[in-house]
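Bear in mind that the values here come from a model prediction, so they are computed numbers and not experimental data.
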Amino acid sequence: MAYLELDRVAKQFGAQTVVDDFSLAVGKGEFISFLGPSGCGKTTTLQMIAGFVDPTRGAIRLEDKNLAAIHPAKRGLGIVFQSYALFPHMTAAENVAFGLEMRNVPRGERAERVRAALAMVGLAGYEDRHPRRMSGGQQQRVALARALVIKPSVLLLDEPLSNLDAKLREEMQIELRQIQRTIGTTTILVTHDQNEAMSLSDRIVVMSQGKIEQIGTPQETYERPASAFVSQFLGKTNDFAGTIDRTVVPTQLVAGSWRAPAPAGLSGPVTVSVRPERIGFGDAGLSAKIMTRIFQGNHWLFQCDSECGPAIVIRQNDGQAQPAEGDAVRLTWRPEDMSVRARAGA
Amino acid sequence: MSTAADERNARAPWALTAPALMLFVGVLLIPLAMTVMLSFHDWGQYKGIEPVFILKNWHEIATDPYYAEMFWRTFRIAILTTLLTALLGAPEAYILNRMSGRWKSIFLLVILGPLLISVVARTLGWALLFGGNNGLVNKLLMSAGVIRSPIPFMFTETGMVVALAHVMMPFMVLSVWAALQRLDPQIENAAMSLGAGPVTIIRRIIMPQIMPGVLSGAIIVFSLSASAFATPAIIGGRRLKVAATLAYDEFLNTLNWPLGAAVATLLLVALVLIVVGSNALIERRYAEVFR
Ligand SMILES: Nc1ncnc2c1ncn2[C@@H]1O[C@H](COP(=O)(O)OP(=O)(O)OP(=O)(O)O)[C@@H](O)[C@H]1O
Ligand SMILES: [Mg+2]
């Protein structure tokens, strides 16, 4: 049974539909990421769960209770805002204690829980600091502690790491995942950083223009993208135009001079997507010419001009000789490494 | 390593600020110093001003209860005006800030618009509405039988406070408005998500953060009210004098310039002390919010 459920939720601002037909079932303790480009409606969806924005259509249920009937102050969700929204006139401890105070937790227990929450995010000893005297990463931790100390049923994170520099962001990602694993809070993270979504979440919800493109585990969305948008958005990919030829037996998938047994259920023009690291150089396959060769330490990056358009190939730097710029090569890959979709308009 | 160039560089700031500096010294510092000196001069009905150094005027101000009462009234009116503007202006700014787009700009204009109209015109408006038997409101209420005699407004401290608060309101609203702009737009949502109700949010989250704005607005309103001339002159007239109108009368009616200068100097010194003192207090108290 789903713990948190969004049932065909939609939001319109005037004539503009910002979120449309959004259905998602989140299991208890799951870590979900909303991933999508800027303006695709991630924050709006999160704010509808939080109750700051009312859905135009659809229902949101938490443990089978309709959230629409519950005031945002009573939902008991923990929220970390992109700007942190810490209370600048309170110390770190007072910030964290605020939610407990609102719940009339007795003073002694409150102090103990605040101390424990700050210790958990690695801020023991910072109790009496004011937010403006803390670094971005420390403020972010206070915001996390403030959201977690109330033992929220769901933790909502709106791009909490986007204000941090790359190194700190990576550290915080690891820490966030560890904390979430330890206390097992159901978590929804909004991000437009695909690496962040991949490394943190159990499942990713890929969004584009207010609609869900795909829901799946990080591997699924990466290796079996449901749409061109998903494969483009999640890392680099090569899209080749191909056709499925059902006139021959057995039926064949043909892309340039590359051919393989056709997958079931498709016919006519298709798009073949292959990740650059899954393409190898062989004796048969797509003929191409290497335009540039870039050395990147642990791997080589080749930009090729193939008979089906430009292609990118990434090869591990395993010490073997690699083709040089200007060489004619054949590109090949295993059938299970590609995903094939019907090609519209051809 | 050329010392000539260094010297030229060192002199450049002085040279560049010289015109403004001269203006400042010429129209502010020199007249101010002369006013202070004037307050130590002697004056007589027939002999006029005598440039000697005596403490007569200061002694008179210090001993005659008339002056104590008048200064006390000046600051009482200024404090009440400040309280009234804070009580009305802070919620006004908060509500204004919560309005959406177009309404916000319309009402901001409504609030700031009066600044474009002369203080005299705005105060005279009150006189037209409440001035004795002929005031519009008084006439209306009396003919409707709501009141028997006109509401006392002219020549009262209440009238002065109300009119001053009206004149000073934009300064308070602007100052609180500026503080509200510094608030994180999600701060109320953050408090709400932690379980705070609307009253708690205003009392625990909004108020402490806009307090510096309210207080700096209060300093502006207080100092402008304590030294205000036009509004007290029109509402209070000759009967209810404050420091500014008294100094004016001494200068232009009694022609006792030295006494007027002493009153003006005392007002200035008291104001500077109050403003600088409270400013230092506020900055210390709200160091975290100001940073
Ligand atoms: N209050 C509002 N009124 C009108 N339009 C809005 C409002 N809030 C958001 N929008 C619009 O809804 C769309 C989605 O906004 P949203 O903030 O959900 O995007 P997002 O996915 O969070 O983007 P980002 O990654 O930039 O934060 C945007 O086009 C935005 O202009
Ligand atoms: Mg957003």
Side-chain angles (χ1 to χ4, degrees), chain A residues 13-14 43 46-47 49-53 70-92 94-105 128-134 139 142-143 145-159, chain B residues 86 90 93-94 97-104 175-218 278-291:
Chain A
F13 286 114
T43 297
L46 206 71
Q47 300 234 324
I49 301 173
F52 307 142
V53 171
I70 305 174
H71 188 269
K74 303 273 179 234
R75 292 191 184 188
L77 310 177
I79 303 169
V80 176
F81 296 86
Q82 185 166 352
S83 58
Y84 313 143
L86 293 174
F87 309 133
H89 56 292
M90 299 183 187
T91 63
E94 285 166 349
N95 264 282
V96 178
F98 187 80
L100 297 177
E101 241 177 279
M102 296 298 115
R103 281 161 176 72
N104 294 319
V105 174
D128 295 329
R129 282 274 185 111
H130 278 85
R132 294 230 166 89
R133 296 194 191 279
M134 297 178 125
Q139 291 184 28
V142 175
R146 186 178 68 172
L148 284 174
V149 78
I150 59 171
K151 303 205 171 103
S153 46
V154 179
L155 181 63
L156 305 175
L157 308 164
D158 192 352
E159 311 209 22
Chain B
Y94 180 72
N97 195 42
R98 294 199 57 148
M99 287 181 169
S100 57
R102 198 154 47 94
W103 289 111
K104 202 192 258 187
S175 172
V176 178
W177 167 268
L180 280 167
Q181 297 311 301
R182 295 167 45 134
L183 249 59
D184 187 310
Q186 294 285 1
I187 204 98
E188 290 190 41
N189 281 346
M192 207 195 320
S193 76
L194 292 167
V199 178
T200 313
I201 292 178
I202 291 191
R203 197 173 55 85
R204 295 279 313 273
I205 306 299
I206 305 296
M207 289 255 283
Q209 288 191 72
I210 62 170
M211 220 39 186
V214 175
L215 291 175
S216 46
S278 43
N279 201 33
L281 267 180
I282 292 167
E283 271 184 14
R284 186 130 42 90
R285 170 74 181 70
Y286 289 96
E288 291 312 325
V289 189
F290 263 125
R291 257 166 61 88

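- Atom NZ of A:Lys151 is surrounded by 12 or fewer heavy atoms from other residues, nucleotides or ligands within 6.0 Å.
- Considering only heavy-atom pairs separated by less than 4.5 Å from chain B, the leading option among A:Ala143, A:Pro152, A:Ala50, A:Gly99 is A:Gly99.
- Proximity to chain B (any heavy atom under 4.5 Å) is shown, for A:Leu156, by neither the backbone nor the side chain.
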Distance-only donor-acceptor hits, side chain of residues 193-208 of chain B, under 3.5 Å, sequence neighbours excluded:
{"from": "B:Ser193", "atom 1": "OG", "to": "B:Ala190", "atom 2": "O", "distance (Å)": "2.8"}
{"from": "B:Arg204", "atom 1": "NH1", "to": "A:Glu101", "atom 2": "OE2", "distance (Å)": "2.7"}
{"from": "B:Arg204", "atom 1": "NH2", "to": "A:Glu101", "atom 2": "OE2", "distance (Å)": "3.3"}

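- With a 4.5 angstrom heavy-atom cutoff, A:Arg75 does not touch chain B via any of its atoms.
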Atom pairs and distances, donor-acceptor, side-chain atoms in residues 76-84 of chain A, under 3.5 Å, two or more places apart:
{"from": "A:Ser83", "atom 1": "OG", "to": "B:Asp184", "atom 2": "OD1", "distance (Å)": "3.2"}
{"from": "A:Ser83", "atom 1": "OG", "to": "B:Asp184", "atom 2": "OD2", "distance (Å)": "2.7"}

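- Around atom CZ of A:Arg103, more than 12 heavy atoms belonging to other residues, nucleotides or ligands sit under 6.0 Å away.
- Residues B:Ile187 and A:Ala85 approach most closely at CD1-O, 3.7 Å, considering heavy atoms.
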